[in-house]
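I have placed the structure first, in the form of C-alpha cells, so that the comments after it can refer back to it.
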Amino acid sequence: MLNNLTGWHAVLILVVILLLFGAGKLPALAKSAGQSARILKSELREGATMPTPAPDAPSTATAESSAEPQPRVSSTPPPPSTA
C-alpha cells in the first residue's frame, strides 16, 4: 500500500501536518509521542518479565472474596459515657 509513496509525498504530508497543527504545537506533539512510546516499551518489558499464573490455580480475586470479611476499625474514639 505504501510502496508507491515517494519523497514528494512525504514532503506534502509534512506540509499538511504543519498547516494543521502549527509550528508551535509540533515539538509538544513529538515529545508526547516519544513519551507514549517509552511508556509502552517499559510496560511491554515489565509484562514480559511477570510470570503468568497457572490455568488451574484460583485467582487472587476469588480467594480474597471467599475469605471472611475483616472487621472495620474506626479511627475515631468512642463518645464518652454519661453514666
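- Contacts of Thr6 classified as side chain to side chain donor-acceptor pair (under 3.5 Å), with partners at least two apart in sequence or in another chain: His9.
- Hydrophobic clustering, defined by side-chain heavy atoms of Ile, Leu, Val, Met, Phe, Trp and Tyr closer than 4.5 Å, groups Leu29 together with Ile13, Val16, Ile17, Leu18, Leu20, Phe21, Leu26.
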Which atom pairs, donor and acceptor, lie under 3.5 Å between side-chain atoms of residues 31-39 and protein residues at least two apart or in another chain?
{"from": "Ser36", "atom 1": "OG", "to": "Ser32", "atom 2": "O", "distance (Å)": "3.0"}

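- The hydrophobic cluster containing Leu40 also includes Leu44, under a criterion of side-chain heavy atoms closer than 4.5 Å among ILVMFWY residues, counted directly or through chains of members.
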